[in-house]
Amino acid sequence: MSHLRSLNPLQLRAATYGKGPLLVLAGAGSGKTKVLTSRIAHLVIDKKLRPEGILAVTFTNKAAQEIRERLERLIGERADKIWAGTFHTIGLRIIREEAGRLGLKPGLTVYDEEEQLLLVNYVMSELSMSNRDLPYRTVLWEINLAKNNCLSPDEYARCGESDLRDAVAPVYRAYQKKLSAMNAVDFGDLIMKPIELLEKDEAALRKYRERFSSILIDEYQDTNRSQYTMTRLLASGRADLCAVGDPDQSIYGWRGASVENILKFREDYKDAVVVKLEQNYRSTSNILGAANSVIVNNEDRIEKNLWTGNLQGEPVVYEECLNEDEEARFVVKEIKRLKAADPAMKFRDFTVLYRTNTQSRPFEELFFEEGVPYTIIGGFRFFDRREIKDCLAYLKAIQNPDDSLNFLRIVNVPPRGIGKATLERVHRISDAHDASLYEAFRRARKEGALNRDASDFIGTFEMLRGEMPGMALHDFAGRVLDITGYEDFWARKRTEDADVRVKNLQGLVASVRKYAETHPKATLADYLNLVSLMSDADQVDGRQDRVTLMTIHSAKGLEFPVVFMAGMEEGLFPHKRSVEEETVEEERRLCYVGMTRARRLLFLTSAKHRTSGKETALQLPSRFIAEIGPAFVTKKAYVPAERIREHMDAIRKILNPG
């Protein structure tokens, strides 16, 4: 049984446990992905379960891909039949399969955050509300939170009195109505709609309960109310449920996740068996000891004794700097010193973690000045660029003509003489006939109410819709850029910025080509949905030799040989809001997550003075620094070069014994 050979006794017990609910408490770096994949392989190979009857839910698309790749090595082509993905991708798969039952059409659009904000803006304008009356982002936050808590517009309006809820409730109701009219869903709907289906349609509930004989949920501590409800609905039939997680790594309460879901697992599933994975394979003994000495201060947790057989390693280094610029200078100096001490080290071996994205500026500026290559996760993504958004809007509108939001974005891009009067006329037709903007344009064209430019655009749009089914995905993307004149629009500007945009558009076509080559049966909708569902963690590319900068939230599930945690100051980390709202325990869990990303060396830094806007404030070191056991931390940054080389050589021998 090669798929079970390398497991330790507790991992083996979790992987081969038989019938009934199972909770695997997997400490940081304890090999939970290995356990998940080994358990699935065991179910398929030894228990003869049908792969299509196994549902594996992960927290990120990147984690789902890693599980698929490992399973391909263990069970071959059968891995393709397993339902593996995030709650959102699994929910989308159910929605597409059951579109008719949910009142949706094939080819629906998944709206990302920018599109959600545009729709909120659109709806509030119709309700004579402005961003000054109520910020769009506040409204969207409330809507998303309501969906995470399984609240429909009517339920949200009834769940308590407050000025904010009274203002948001009619927007939420109109927003949801517009989504349906546009044959679109947002992230919240990807969970809400499957729940709606499973709760109201007994035949559908029976179908999915009979389909899945085994359900595995990763990162169970970070599930919100809607994800918890979806799990309960699917797992209350004959399926065996295996939940894997760690209460000490629950860090998403601010967006609706509830650590209570894992803490009360044994209440929800009375005969549940608990297996604790307490051996850490990732970090040195000093790093693990430091992290443990911080997290032990939390009261709302399940006791674990996380240990490691790894080398003791160097103590965690704490450095208090004069200000944020000196903090960045310290990090750059240490990166260069460590690389000089061990030439085998790469820039990709280093990461800088911080509590908020605003902390990246001094690091970006100094890295650029010093020639240190870097990449930012959670910053301005390739798919967020204007020209890429425009091209994706074309593809979305062509693929889903009911998507009036994206149709409106591209109707006059590039400029084609469709003015305000034409748009107002078309909007009146749309309202009068309860039709999409595309259908309203078609009606106006038939009635001769469009000028030549608008009429030509609709003709081009319809021609592209007709060509789409018979073309390869990347050929069609290139065809759209060509026939609409969008790429030429930028090329004719002949500026440096325009040249970059043209190259980005060509990069998008290359991205579609790469996707089509690895997913030969995929549709345009598959690619567009993939882009909409990408998370920050999915941007990490370990093949690029660059220092990674990101928030600690984005680093969840990742690991690096050397980690710098910056901004370890009261009011910043823990964040002042957590102190006011008495959620410091979640901040401490976030600190624990950040510390346990480090495999070999961990540096903690703070600034005595930090500037925000026009104000410079005196800062105090984070309480988390004081909580680290003195045996695990030093304030002396210097580690002799020979110690670094010896330490890293010993690690390489462990990782590559041959």
Side-chain angles (χ1 to χ4, degrees), residues 109 111-112 114-115 117-119 121-122 125 182 184 380-427 429-430 436-445 449-468 471 473-513 524 527-528 531-532:
T109 301
Y111 279 176
D112 60 21
E114 181 181 319
E115 289 162 324
L117 278 170
L118 287 172
L119 186 56
N121 182 350
Y122 185 64
S125 296
M182 294 178 182
F380 195 60
R381 301 188 309 157
F382 173 78
F383 290 101
D384 292 331
R385 298 175 185 275
R386 172 189 166 185
E387 64 276 13
I388 302 302
K389 280 286 190 183
D390 286 344
C391 185
L392 291 174
Y394 265 107
L395 296 174
K396 288 179 179 181
I398 291 168
Q399 195 265 334
N400 174 16
D402 290 324
D403 184 357
S404 295
L405 195 70
N406 279 301
F407 186 87
L408 187 60
R409 177 173 185 139
I410 54 96
V411 74
N412 211 26
V413 175
R416 51 175 59 93
I418 301 176
K420 183 178 178 182
T422 299
L423 287 174
E424 288 178 348
R425 189 181 312 125
V426 172
H427 272 290
I429 295 173
S430 173
S436 68
L437 283 183
Y438 165 61
E439 186 59 38
F441 263 97
R442 290 185 68 197
R443 284 176 175 269
R445 185 190 190 203
L450 295 182
N451 61 27
R452 181 176 177 180
D453 291 325
S455 183
D456 287 348
F457 167 68
I458 295 302
T460 299
F461 189 85
E462 291 182 330
M463 180 182 68
L464 288 169
R465 278 186 47 77
E467 291 178 351
M468 179 177 65
M471 295 183 69
L473 297 186
H474 58 280
D475 288 337
F476 182 69
R479 172 73 168 160
V480 169
L481 289 174
D482 179 37
I483 202 70
T484 61
Y486 187 71
E487 184 173 345
D488 187 56
F489 164 72
W490 288 111
R492 280 187 282 106
K493 289 182 178 292
R494 299 186 181 279
T495 64
E496 185 175 342
D497 174 68
D499 289 344
V500 171
R501 294 183 190 273
V502 170
K503 289 178 181 178
N504 287 336
L505 291 170
Q506 293 167 351
L508 178 64
V509 175
S511 167
V512 177
R513 179 192 292 274
L524 179 59
Y527 176 79
L528 294 172
V531 172
S532 293

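Looking at Phe461 and Phe441, their side chains never come closer than 4.5 Å, going by heavy atoms from C-beta outward. Put simply, the side chain of Tyr438 reaches to within 4.5 Å of the side chain of Arg465, judged on heavy atoms. A heavy-atom distance below 4.5 Å is not found between the side chains of Met471 and Val480. Within the 4.5 Å cutoff, side-chain heavy atoms of Glu462 are placed close to those of Ile458. Considering only heavy atoms from C-beta on, Lys396 comes within 4.5 Å of Glu115 through its side chain. Taking 4.5 Å as the limit, some side-chain heavy atom of Ile410 sits within range of a side-chain heavy atom of Phe457. The shortest distance between side-chain heavy atoms of Leu408 and His427 falls below 4.5 Å. Contact of the Lys389 side chain with the Arg409 side chain is registered, since non-hydrogen atoms from C-beta on lie closer than 4.5 Å.
Scanning both residues, Gly459 and Arg445, for their nearest heavy atoms gives CA-NH2, 3.8 Å. Closest non-hydrogen pair, Leu464 versus Thr484, comes out as CD1-CG2, 4.0 Å. Heavy atoms only, all atoms of each residue included: Asp453 and Gly417 are closest at OD2-CA, 4.0 Å. Ala477 and Val512 get closest at one heavy-atom pair: CB-CG2, 4.4 Å. Asp112 and Ser532 get closest at one heavy-atom pair: CB-O, 4.4 Å.
Atom CG of Leu508 is separated from atom CZ of Arg385 by 12.0 Å, given to the nearest 0.5 angstrom. Remark: Glu387 CD to Leu392 CG distance equals 10.5 Å, nearest 0.5 Å. Separation of atoms OH (Tyr527) and CG (Leu395) is listed at 8.5 Å; rounding is to 0.5 Å. Atom CG of Leu505 sits about 11.5 Å away from atom CG of Asp488, to the nearest 0.5 Å. Note: Asn504 CG to Ser511 OG = 11.5 Å, rounded to the nearest 0.5 Å. Here the CG atom belonging to Leu524 is positioned 8.0 Å from the CD1 atom belonging to Ile398, to the nearest 0.5 angstrom.
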Practice task
Apply side-chain contact (heavy atoms from CB on, under 4.5 Å) to Glu487 and Val502, showing your working.
Solution key: CA-CA 6 Å; Glu487 184 173 345; Val502 170; 3.8 Å; yes

Practice task
Report the C-alpha separation of Val411 and Leu423 in whole Å, then their side-chain angles, then the decisive distance to 0.1 Å, and conclude whether the side-chain contact (heavy atoms from CB on, under 4.5 Å) test is met.
Solution key: CA-CA 9 Å; Val411 74; Leu423 287 174; 4.1 Å; yes

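The side chain to side chain contact (heavy atoms under 4.5 Å, CB included) with Ser436 is formed by just one residue from the set Asp403, Asn400, Asp402; it is Asp402.
Between Asp499 and Lys503, none of the side-chain N atoms (NZ, or NE/NH1/NH2) sits under 4.0 Å from a carboxylate O, so this pair counts as no salt bridge. Ion pairing of Asp475 with Arg479 is absent here, as no side-chain N (NZ or NE/NH1/NH2) approaches a carboxylate O to less than 4.0 Å.
A donor-acceptor pair under 3.5 Å is formed between the side chain of Ser404 and the backbone N or O of Leu437. Between the side chain of Thr460 and the main chain of Asp456, a donor-acceptor pair closer than 3.5 Å is present. Between the side chain of Arg416 and the backbone N or O of Ala454, no donor-acceptor pair lies under 3.5 Å. Of the possible donor and acceptor atoms, one in the side chain of Ser125 sits under 3.5 Å from a partner among the backbone N and O of Asn121.
Checked against side chain to side chain contact (heavy atoms under 4.5 Å, CB included), Ala184 has the following partners two or more places apart in sequence or in another chain: Thr109, Tyr111, Leu179, Met182.
At most 12 non-hydrogen atoms from other residues, nucleotides or ligands lie less than 6.0 angstrom from CD of Glu496.
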